[in-house]
Amino acid sequence: MGSVAIGTRQWDHVFPIAMGDIAPVAGHEVSLARLEQTPNLWTDSQFDAGETSLSKYVRRRAEGDDRVIGLPIFVMRGFRHRCIIVRSSSDAYSLGDLAGARIGVTGWPDSGNTWTRALLSEANVSLAEIRWTVGRLTKDHPIVDRFDGVVPGASFSVAADEKPMVEALIDGELDAVFSPFLPPNFSSPNSQMRLLFESVVDEEKQFLEEKRYIPGIHILGVRSELLKSSPHVANELGRMFRESAHIALKRHRKLQDVTPWLNQAIDLFDDTGTTDPNPTGLAANTRMLSDFISHLKTQGIVDETPPLSELFPYGLDEEFEEK
């Protein structure tokens with residue numbers, strides 16, 4: 001019997017796999033390690049599969065590196081409207097208010113920041129007129145993926161003396177910061193920061209109504225040698241992650257969470273009429289992936305990429321029975 005070692009961050013929706021609640025891949029023992037950081041499948045031989053940046057995967061494949069094959073299984077998704085931070089005293093309340101602004105990002109080619117910059121473009125804000133700074137969010141933030149391409153003609157710099165961008169924002173040296181995770185003290189009464197939008201939920205609901213998807217950030221990557229020797233592993237992993245997500249969501253709905261208002265948030269999403277917040281498979285994600293690759297090109301991160309059918313040769317488009 002073979003084995004499949006998977007590494008992801010500690011998402012609730014992978015917990016059933018980690019706990020052995022899902023039938024494993026036929027002919028393989030499956031283990032899932034929940035990590036603090038995503039594994040690097042290109043350099044870390046500890047894992048056969050794992051959570052990886054969608055942007056990083058597309059960039060590697062665009063370079064001709066096929067050591068890792070992506071599956072259309074989205075380990076991380078998220079709206080990006082909630083990722084734009086401004087000073088509490090800022091006059092900016094809309095994307096249009098950021099035209100010509102000084103904006104900090106935690107990593108230029110990051111999937112999340114690519115989606116956030118796309119929001120500006122779709123609001124007719126010129127990315128080339130923004131003064132971009134790349135740096136660490138806080139003094140404890142790691143330095144990763146700083147630069148790989150940039151919007152043609154854009155002003156681009158690295159934070160001077162590695163000054164944390166939260167400090168630069170509060171000190172008035174930046175007008176906004178794009179970050180996938182809010183700084184630890186963001187919600188404290190004296191943080192001096194707020195989100196750009198007065199109603200993030202309203203903005204995100206409008207995005208969902210128009211696009212009919214939640215942006216994909218991280219996918220499941222698998223070492224190509226495993227798929228060459230055992231191609232059935234791809235569909236089996238699709239089944240496992242889909243079943244795991246369904247079990248996790250059902251548990252949230254049945255076992256009312258002790259966190260106040262979490263279940264009301266689930267009800268709010270149900271009201272949008274979207275049946276699956278995180279669909280698996282290429283067919284269900286073609287529009288989203290096509291949009292993302294278009295943004296990568298527009299933002300100077302890649303020139304050309306293989307077609308989607310080559311980027312995701314295992315479409316995983318068959319129906320999975322919901323347990």
Side-chain angles (χ1 to χ4, degrees), residues 78-147 150-151 153-211 214-215 217 261 265 268 295 298-299:
F79 294 115
R80 307 308 299 178
H81 303 76
R82 63 188 62 198
C83 300
I84 305 175
I85 307 168
V86 298
R87 284 186 304 282
S88 299
S89 59
S90 173
D91 293 330
Y93 287 92
S94 71
L95 292 166
D97 292 336
L98 296 180
R102 301 163 299 172
I103 299 178
V105 292
T106 49
W108 183 263
D110 294 354
S111 305
N113 288 329
T114 299
W115 282 115
T116 312
R117 290 190 298 267
L119 294 178
L120 289 177
S121 294
E122 292 178 354
N124 296 316
V125 174
S126 170
L127 299 184
E129 294 178 5
I130 299 292
R131 288 163 286 173
W132 298 101
T133 296
V134 173
R136 61 176 77 215
L137 183 64
T138 68
K139 63 181 179 62
D140 298 322
H141 193 276
I143 299 174
V144 292
D145 269 356
R146 287 206 151 169
F147 177 77
V150 69
V151 173
S155 170
F156 179 90
S157 63
V158 175
D161 300 321
E162 296 297 347
K163 182 174 183 177
M165 291 190 297
V166 164
E167 295 180 16
L169 178 67
I170 293 173
D171 291 345
E173 298 165 17
L174 292 173
D175 301 307
V177 172
F178 293 174
S179 172
F181 303 106
L182 299 178
N185 65 339
F186 178 81
S187 298
S188 65
N190 59 350
S191 76
Q192 303 181 61
M193 295 174 285
R194 63 170 173 83
L195 297 180
L196 172 68
F197 299 104
E198 291 186 282
S199 176
V200 169
V201 172
D202 286 347
E203 298 291 333
E204 293 173 347
K205 287 174 67 177
Q206 181 177 343
F207 180 94
L208 181 62
E209 182 177 346
E210 293 175 357
K211 305 288 188 180
I214 299 174
I217 312 296
W261 309 297
L268 179 64
H295 296 315
T298 300
Q299 296 179 24

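This is a predicted model, so every value here is computed, not measured.
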How many angstroms lie between [atom1] in [X] and [atom2] in [Y], if you round to the nearest 0.5 Å?
X	Y	atom1	atom2	answer
I103	T133	CD1	OG1	10.0 Å
E203	R82	CD	CZ	12.0 Å
W132	L127	CH2	CG	5.5 Å
Q206	H81	CD	NE2	7.5 Å
R102	L174	CZ	CG	6.5 Å
M193	S188	CE	OG	7.0 Å

[X] side chain to [Y] backbone, donor-acceptor under 3.5 Å:
X	Y	answer
S155	R131	no
N185	S191	no
R87	S90	no
Q299	T114	yes

Shortest non-hydrogen contact from [X] to [Y]?
X	Y	value
G96	V125	CA-CG2, 3.9 Å
P180	T106	CD-OG1, 3.7 Å
G135	A159	CA-CB, 4.1 Å
L95	A123	CB-CB, 3.8 Å
I85	P183	CD1-CD, 3.6 Å
A92	L98	CB-CD2, 4.2 Å

Do [X] and [Y] have side chains that get closer than 4.5 Å, going by heavy atoms?
X	Y	value
V105	T116	no
I217	D110	no
K205	L268	yes
F79	I214	yes
K163	D171	yes
E210	E122	no
L120	F178	yes

- [ ] May I ask you to check whether over 12 heavy atoms, not counting those of N190, lie within 6.0 Å of atom CG?
- [x]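 Counting neighbours around CG of N190, more than 12 heavy atoms of other residues, nucleotides or ligands fall under 6.0 Å, so yes.
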- [ ] For the pair S94 and D97, evaluate side chain to side chain donor-acceptor pair (under 3.5 Å) and give the outcome as yes or no after the intermediate values.
- [x] CA-CA 5 Å; S94 71; D97 292 336; 3.2 Å; yes
Task: The single option from L137, L195, V166, V177 passing side chain to side chain contact (heavy atoms under 4.5 Å, CB included) against L182 - done: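 With L182 as partner, side chain to side chain contact (heavy atoms under 4.5 Å, CB included) holds for just one option, L195.
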- [ ] Measure up the H295 and W115 rings against each other and bin them: parallel (under 30°), tilted (30 to 60°), perpendicular (over 60°).
- [x]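 Answer is perpendicular, since the angle exceeds 60°.
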